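Right, one structure below, let's go through it.
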Amino acid sequence: MPKVLLPKAYNPKDVEAKWYERWERAGYFYADADDKRTPYCITIPPPNVTGSLHMGHALNHTIHDIVVRWQRMLGKNVLCLPGTDHAGIATQVVVEKELAKEGKTRHQLGRDEFLKRVWEWKEQYGGVILSQLRKLGCSYDWRRERFTMDDNYAKAVLMTFAQLASEGLIYRGHRVINWCPRCLTALSDLEVEHETHPSKLWFIRYPASDGSYGIAVATTRPETMLGDTAVAVHPSDERYKHLIGSTVILPLMWRPIPIIADDRVDPSFGTGAVKVTPAHDATDFEIGERHGLDKVMVIDEFGRMTEQAGKFAGMDRYECRKAVVEELDREGLLIRTEEYEVPLALCYRCGTAIEPLLSVQWFVHMKPLAEPAIEVIRSGKIKYVPERFARMTIEWLENIRDWCISRQIWWGHRIPVWYCRDCNGDRVREWHLPTGEVRIRADVDAEWFVAIEPPGCCPKCGSKNIIQDSDVLDTWFSSAIWPHATLGWPDRTRELDVFYPTDLMITARDILYLWVARMIMTGLKFANDIPFRTVYVHPTILTREGKRMSKSLGTGIDPLDLIERYGADALRFGLIIQCELGQDIRFSEERLDMARDFANKVWNATRFVLMNISDEALPQLPAMPELKRLPLTLPDRWILSRLQRAISSVNRHLEECEFDRAAKAVYDFVWDEFCDWYIEISKCAISGADSERGMIAKAILCKVLDCALRLLHPFMPFVTEELWQHLPHEGESIMVSPFPKVDEGLIDVEAEVKMDWLTELVSAIRNIKSEMGFPRTPCDALLFVSDESAKQLIEDNLWWIASLAQLKGIEFHGIEEARPKLAASIALRGVEVYVPLSGVVDVNKEVERVSKQLAKVMSELERVTHRLQNERFLQNAPSDVIEAERAREANLREQLERLKSRLDMLKELQPLA
RNA sequence: GGGCGGUUAGCUCAGUGGGAGAGCGCCUGCCUUACAAGCAGGAGGACAGAGGUUCAAAUCCUCUACCGCCCACCA
């Protein structure tokens with residue numbers, strides 16, 4: 001092998017782009033539906049086409065790629081299918097802003113022209129995030145990239161709508177929905193965010209029609225009173241019972257409205273009487289339905305007061321609020337105001353206050369879809385990790401409400417519904433907005449028909465005078481079919497046969513209902529099976545202060561910046577090591593330092609190995625299972641055994657989605673065991689006289705490192721590939737090499753126990769030397785051993801112990817022999833070490849050190865003794881625990897005796913010092 | 001209002017019935033030919049508070065406080 005000199009420090013920039021390109025070119029990311037190996041499939045949560053990578057994505061896709069690389073190395077036929085979401089409102093807003101720079105509005109362009117612009121924008125700028133995922137190292141099948149507006153996908157969306165409609169699961173409803181006055185569209189309940197906002201509670205008197213006091217109501221939205229059509233009280237409220245059925249006069253509008261009784265009213269809130277505005281409040285709407293009340297719209301789609309608002313017509317809703325309150329005050333009908341925190345509903349896209357508005361919208365009847373979904377979650381057919389999210393989802397599904405799926409925007413899947421104008425007369429009208437936009441307004445009882453391709457005429461009367469609904473579908477309606485639609489549904493494809501149901505859904509918590517639950521419902525309905533077997537809900541990344549990361553608040557961190565500074569491997573590893581099950585992450589950049597240091601550690605461990613094997617012909621390396629037939633030393637047996645433990649631990653944790661633990665297991669093995677001990681010991685073997693021992697050490701260094709790199713590869717793909725390529729290896733890339741499997745035959749408990757004892761011995765000697773201020777040079781030591789086997793073990797391993805503990809000239813003595821006086825000492829189970837003090841070192845210091853140990857041992861002994869004197873402990877504790885306590889007591893007692901006599905001895909010397 | 005998390009070393013977090021741990025930071029000594037992004041050694045914690053269960057509690061139960069999240073039609 002040619003001598004290869006790696007640079008002293010790892011530089012991610014030298015390798016990341018290079019390897020990513022080679023992997024992709026080699027086709028390692030691609031899955032083949034005809035591949036006969038066990039399939040493994042994940043469809044990624046499609047990011048918004050307008051999106052760019054944030055920390056949440058970085059974590060989400062680090063997890064994706066770890067799982068995918070791991071599964072691929074396990075020998076499965078792995079498909080990870082990427083793509084983007086057309087993100088209706090978000091994308092439309094982005095393109096409108098672009099237009100605004102040219103001084104244009106989308107209305108000036110018109111619908112078709114605008115949509116052309118959106119597509120142009122998408123082709124040019126969309127999906128930046130996918131290239132950012134490549135920088136992270138994501139090994140996805142880019143040939144299969146999908147977009148929720150692709151032709152095939154769009155067809156699947158419309159088919160879904162058509163089928164639901166044909167089964168009567170889609171209907172048009174006239175009810176109060178969430179309306180965003182800025183986006184000018186309806187929103188579903190899940191697209192609304194709730195906040196509280198300091199405001200007031202206004203108490204208003206509605207005088208009785210007979211001139212008496214009437215009734216007082218409390219409201220947070222006085223402007224809506226203009227549309228009141230009743231006042232409601234609780235039927236059993238004694239205060240108001242006599243008023244039920246009477247009439248009050250609605251102030252400012254001066255029209256009579258009834259006082260009605262309804263259970264919905266909470267007698268303890270405000271005055272116990274509530275004004276009812278059926279057109280502008282969902283609860284009031286229901287009350288109105290029950291009591292046959294008129295629904296008076298006083299606020300329009302723009303948030304302005306309508307003609308129905310009388311003299312307030314044309315005012316903005318907030319302006320009107322002020323005016324109404326002033327007027328009430330002048331009329332003497334404003335009783336008082338209280339400071340009050342009002343719950344506020346906001347548009348999740350633009351933050352504008354939602355206006356509950358009465359309108360005709362499209363809804364999906366959810367109950368029939370939810371029931372099978374509840375069943376598969378409850379039965380465990382779909383598993384949630386952590387499990388508590390299953391309970392939460394079931395609860396949400398059990399209380400599910402119908403889904404408003406129509407949106408009054410342009411960018412999206414246009415609802416495949418047509419109206420015949422001849423059949424409908426003026427039940428179908430054009431609504432001309434001041435912007436110039438024309439929308440179709442069809443009454444709730446208008447006749448409609450579904451047509452996926454533009455129909456030539458009305459199927460009923462044959463008229464060509466037909467018109468398509470102007471609304472588009474909720475973006476989440478199209479993403480709800482993502483797993484099966486991306487695999488080819490509604491066509492019966494090979495992909496669907498092989499890869500559906502998919503294996504894992506890796507997602508953030510905030511789209512559990514918005515997206516995940518809906519995929520389960522549509523998957524069961526249309527693909528006849530669950531969409532995925534397991535839902536893994538990963539943590540949310542918070543700032544160090546525990547606040548949400550947000551671009552607008554300036555608390556976000558750019559993952560690309562972190563890749564630039566630390567490298568992709570370090571970002572991945574630093575994130576994953578913080579990724580505990582069910583526990584949010586307060587992001588700490590120190591973990592990236594840790595990860596970067598680790599990458600460098602692995603780099604240098606490999607440099608060490610390469611330096612030692614490059615200048616000579618290493619004999620043919622035996623395969624891992626054959627290694628144990630060689631004359632192995634104790635450290636050889638130990639590191640092979642510890643490697644098996646690490647392999648087992650990594651695999652087990654990955655299976656359980658305990659990614660942090662899996663990463664930690666590799667980290668600890670590589671750093672604490674392989675580097676800190678085995679490499680150091682191997683130096684002794686290599687430079688020693690025994691050439692066979694050195695040769696075996698080199699072989700083991702190679703084998704163990706190779707395994708460690710493969711174990712680490714899913715976490716740190718780039719650096720492991722680069723290093724693996726420099727080592728002797730089989731195959732063309734580490735990413736298609738087999739993931740390490742445990743070889744039970746290499747687990748060696750005896751070697752582990754012995755090495756534990758010896759490393760403890762070495763550490764104890766180092767402690768003495770460091771604490772006592774010995775020079776770093778090797779010194780003499782006297783070892784008093786309790787038995788022959790202990791002595792033998794130390795002697796057999798002296799070849800490395802001496803070096804690691806910096807000792808020369810070791811004398812063995814029996815445990816009964818006299819100890820030297822002027823020496824520093826330490827006692828372990830079965831051995832006492834004495835390091836003679838030269839004149840330079842301070843005896844007082846040793847007294848101090850021994851006293852400290854003594855104190856520690858004494859307090860511990862006290863606890864143990866106390867426990868062993870406790871009758872009830874002896875009666876109730878399991879015997880192995882008692883046994884262990886007894887052994888511990890004996891050990892501590894022995895140590896105590898030695899430390900005491902040691903201290904006495906030193907104190908005699910003290911005057912000399 | 002309902003539900004779910006969390007509170008352990010200066011910081012970020014492991015540890016879920018029997019001897020308090022990691023990384024970073026801090027202190028001491030080392031440029032030991034893999035690595036100063038390193039090596040060796042060390043200091044540092046009444047495990048949020050109160051009660052209970054148990055021979056034994058950071059760990060199980062109850063309550064309280066504080067922080068965070070989700071759901072909900074108290075105007």
Side-chain angles (χ1 to χ4, degrees), chain A residues 6 8-10 176 189 194 201 217-221 224 232 264-277 281-287 340 342-343 356 386 388-389 391-392 395-396 399 509-510 512-513 540 542 544-548 570 574 577-578 580 582-591 593-612 660-661 664 667-668 672 675-676 679-680 683 763 766-771 773-777 803-804 806 860 863-864 867 870-878 880-882 884-885 888 892:
Chain A
L6 296 172
K8 247 174 114 166
Y10 172 53
V176 171
D189 294 331
H194 298 273
L201 189 59
V217 299
T219 181
T220 57
R221 299 202 57 198
T224 63
R264 241 331 147 51
V265 180
D266 174 5
S268 67
F269 185 89
T271 64
V274 57
K275 56 190 268 325
V276 182
T277 324
D281 183 282
T283 308
D284 290 6
F285 176 82
E286 285 173 33
I287 295 176
Y340 189 69
V342 286
R388 67 170 184 272
F389 293 110
R391 294 196 302 274
M392 282 170 56
E395 206 162 304
W396 182 78
N399 298 304
R509 214 168 31 208
D510 52 351
L512 239 29
Y513 309 143
T540 305
L542 307 171
R544 177 176 280 272
E545 289 71 38
K547 301 283 180 221
R548 211 180 190 83
I577 205 124
Q578 299 181 68
E580 291 159 43
Q583 176 67 55
D584 284 346
I585 298 170
R586 290 191 187 204
F587 181 71
S588 82
E589 205 171 301
E590 290 85 64
R591 297 298 183 115
D593 286 305
M594 172 201 191
R596 189 243 282 121
D597 294 352
F598 182 51
N600 193 56
K601 189 72 179 175
V602 176
W603 181 266
N604 277 289
T606 308
R607 276 184 75 217
F608 171 79
V609 173
L610 289 173
M611 282 173 172
N612 283 287
D660 59 321
R661 294 177 189 214
K664 192 74 175 13
Y667 181 93
D668 288 344
D672 297 346
C675 291
D676 284 354
I679 285 186
E680 291 307 316
K683 289 176 185 172
S763 295
R766 285 168 172 172
N767 172 285
I768 295 182
K769 294 192 64 175
S770 173
E771 290 274 280
F774 278 87
R776 257 184 48 78
T777 49
S803 163
L804 267 62
Q806 286 290 332
E860 214 172 307
R863 274 214 310 267
V864 174
R867 179 174 296 172
N870 186 340
E871 280 299 315
R872 305 216 286 178
F873 171 73
L874 298 173
Q875 275 164 22
N876 294 302
D880 59 321
V881 171
I882 298 177
E885 288 297 303
R888 224 175 117 211
L892 286 166

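This is a predicted model, so every value here is computed, not measured. Within every chain, numbering begins at 1; the chains are lettered A, B, ... in the order of the sequence lines, protein sequences first and strands thereafter.
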Task: Separation of the C1' atoms in B:rG45 and B:rA40, to the nearest angstrom - done: 25 Å

- [ ] Pick the C1' atom in B:rC13 and in B:rU8, then give their distance to the nearest Å.
- [x] 9 Å

TODO: Starting at atom CG of A:L892, determine the distance to atom P of B:rG19, rounded to an integer number of angstrom.
DONE: 12 Å

Open item on the list: What is the distance, to the nearest angstrom, from the CG atom on A:D880 to the C1' atom on B:rG17?
Closed with: 13 Å

For nucleotides 31-35 of chain B, tabulate all protein N/O to nucleotide N/O atom pairs closer than 3.5 Å, reporting atom names and distance.
residue : atom : partner : partner atom : Å
B:rU32  : O4'  : A:R776  : NH2          : 3.4
B:rU32  : N1   : A:R776  : NH2          : 3.3
B:rA34  : OP1  : A:K683  : NZ           : 3.3
B:rA34  : O2'  : A:N604  : OD1          : 2.6
B:rA34  : O2'  : A:R607  : NH1          : 2.8
B:rA34  : N7   : A:K683  : NZ           : 3.3
B:rA34  : N6   : A:C675  : O            : 3.3
B:rA34  : N6   : A:E680  : OE2          : 3.1
B:rA34  : N3   : A:N604  : O            : 3.1
B:rA34  : N3   : A:A605  : N            : 3.3
B:rC35  : O4'  : A:N604  : OD1          : 2.8
B:rC35  : O4'  : A:N604  : ND2          : 3.4
B:rC35  : O2'  : A:N600  : ND2          : 3.2
B:rC35  : O2'  : A:N604  : ND2          : 3.4
B:rC35  : O2   : A:K601  : NZ           : 3.1
B:rC35  : N3   : A:K601  : NZ           : 2.9

Open item on the list: Among B:rA20, B:rA75, B:rA72, which nucleotide has an atom closest to any side-chain atom of A:V265?
Closed with: B:rA75

Open item on the list: Output the rounded distance in Å from NZ (A:K664) to P (B:rG15).
Closed with: 11 Å

Task: Touch class at under 4.0 angstrom, heavy-atom based, for A:D593 against every strand present - done: nothing

- [ ] Counting Watson-Crick and G-U wobble pairs only, both distances under 3.5 Å, name the nucleotide matched with B:rU62, or none.
- [x] B:rA50

Task: pair A:F873-A:V881: side-chain heavy atoms closer than 4.5 Å - done: yes

Under-3.5 Å N/O pairs linking protein and nucleotides 8-13 of chain B:
residue : atom : partner : partner atom : Å
B:rC11  : O2'  : A:R544  : NH1          : 2.1
B:rU12  : O3'  : A:R586  : O            : 3.4
B:rU12  : O2   : A:R591  : NH2          : 2.8
B:rC13  : OP1  : A:R586  : N            : 3.0
B:rC13  : O3'  : A:E580  : OE1          : 3.0
B:rC13  : O3'  : A:E580  : OE2          : 2.3
B:rC13  : O2'  : A:E580  : OE2          : 3.0

Open item on the list: Using the side-chain heavy atoms of A:E885, tell me which of these nucleotides is nearest: B:rA37, B:rG19, B:rA72.
Closed with: B:rG19

TODO: Could you please name the partner base of B:rC35, counting Watson-Crick and G-U wobble pairs only when both distances are under 3.5 Å?
DONE: none

Open item on the list: For B:rG41 and A:K769 - does any side-chain N or O of the residue sit under 4.0 Å from the phosphate oxygens OP1/OP2?
Closed with: no

Open item on the list: Quick check: closest heavy atoms across A:T224 and A:K275, and the distance to 0.1 Å?
Closed with: OG1-NZ, 2.7 Å

Task: Qualifying residues under side-chain hydrogen bond (donor to acceptor under 3.5 Å, both in side chains), relative to A:R221, sequence neighbours excluded - done: A:E223, A:E355

Task: Closest-nucleotide ordering on RNA chain B, the 5'-leading residue of A:T219 and A:D672 - done: A:D672

Task: Shortest side-chain distance from A:E860, nucleotide among B:rA37, B:rC70, B:rG19 - done: B:rG19

- [ ] Measure from the side chain of A:Y513, starting at C-beta and using heavy atoms only, and say which of B:rC71, B:rA75, B:rG42 lies closest.
- [x] B:rC71

Open item on the list: I'd like to check the ring pair (Phe, Tyr, Trp, His ring centres under 6.0 Å) partners of A:F598; sequence neighbours left out, ordered by chain and number.
Closed with: A:F573, A:Y667

Open item on the list: Once you apply a heavy-atom cut-off of 4.0 Å, does A:R596 come out as touching a base, just sugar-phosphate, or nothing?
Closed with: base

Task: Base partner of B:rG23, which must satisfy Watson-Crick or wobble distances under 3.5 Å - done: B:rC11

Task: Listed partners of A:R264 passing side-chain hydrogen bond (donor to acceptor under 3.5 Å, both in side chains), at least two apart - done: A:E286

Task: Test item: A:R586 and A:Q578 side chains (from C-beta on) under 4.5 Å apart, heavy atoms - done: no

Task: For A:D668, all residues meeting salt bridge (Lys or Arg N to Asp or Glu O under 4.0 Å), sequence neighbours excluded - done: A:K664

Task: 4.5 Å side-chain heavy-atom contact, A:E395 and A:N399 - done: yes

TODO: When you get a sec, tell me which of B:rG19, B:rA75, B:rC69 is the closest nucleotide to the side chain of A:Y340?
DONE: B:rA75

Task: Span that lies between the C1' atom of B:rG10 and that of B:rC26, in whole angstrom - done: 9 Å

Task: Atom pair distance, as rounded to whole Å: CG in A:D189 and P in B:rA72 - done: 7 Å

Open item on the list: Need the pair for B:rC69. Rule: Watson-Crick or G-U wobble, both distances under 3.5 Å, any strand; none if unpaired.
Closed with: B:rG3

TODO: Would you classify A:R888 as touching base, sugar-phosphate or nothing, given that sugar-phosphate means primed atoms plus P, OP1 and OP2, and contacts are heavy atoms under 4.0 Å?
DONE: base

TODO: Could you state the atom-to-atom distance from CZ of A:F269 to C1' of B:rC73 in whole Å?
DONE: 13 Å

Task: Inter-nucleotide C1' distance (B:rC31, B:rG38), Å rounded - done: 10 Å

Open item on the list: Going by the rule side-chain contact (heavy atoms from CB on, under 4.5 Å), which residues pair with A:P267 if we only count those two or more places apart in sequence or in a different chain?
Closed with: A:H234, A:D237, A:R239

Task: Whole angstrom value for the distance that separates C1' of B:rG18 from CD of A:Q875 - done: 17 Å

Open item on the list: Using the salt bridge (Lys or Arg N to Asp or Glu O under 4.0 Å) criterion, which residues pair with A:R888? Sequence neighbours excluded.
Closed with: A:E860, A:E885

TODO: Just jot down the side-chain hydrogen bond (donor to acceptor under 3.5 Å, both in side chains) partners of A:E590, sequence neighbours excluded, or say none.
DONE: A:R544

Task: Watson-Crick or G-U wobble partner of B:rG44, both distances under 3.5 Å - done: none

Open item on the list: Can you check the distance between B:rC11 and B:rA48, where both ends of the measurement are the P atom (answer in whole Å)?
Closed with: 14 Å

Task: Nucleic acid footprint by protein, nucleotides 52-58 of chain B - heavy-atom cut-off 4.0 Å, B for base, S for sugar-phosphate alone - done: ---B---

Task: Separation between the C1' atoms of B:rA57 and B:rC47, rounded to whole Å - done: 11 Å

TODO: Would you name the heavy atoms of A:T277 and A:D284 that are closest together and state the gap between them?
DONE: N-OD2, 2.7 Å

Open item on the list: For the P atoms, the ones on B:rG6 and on B:rU16, what distance do you get once it is rounded to whole angstrom?
Closed with: 13 Å

- [ ] Mind checking A:E771 for me? I need base, sugar-phosphate or nothing, with any heavy atom below 4.0 Å counting as a touch.
- [x] sugar-phosphate

- [ ] With sequence neighbours excluded, tell me which residues meet side-chain hydrogen bond (donor to acceptor under 3.5 Å, both in side chains) with A:D584.
- [x] A:R509

Task: Atom P, compared across B:rA9 and B:rG44: separation rounded to whole Å - done: 15 Å

Task: Contacts of A:R766 that satisfy side-chain contact (heavy atoms from CB on, under 4.5 Å) - sequence neighbours left out - done: A:W677, A:V762, A:L804

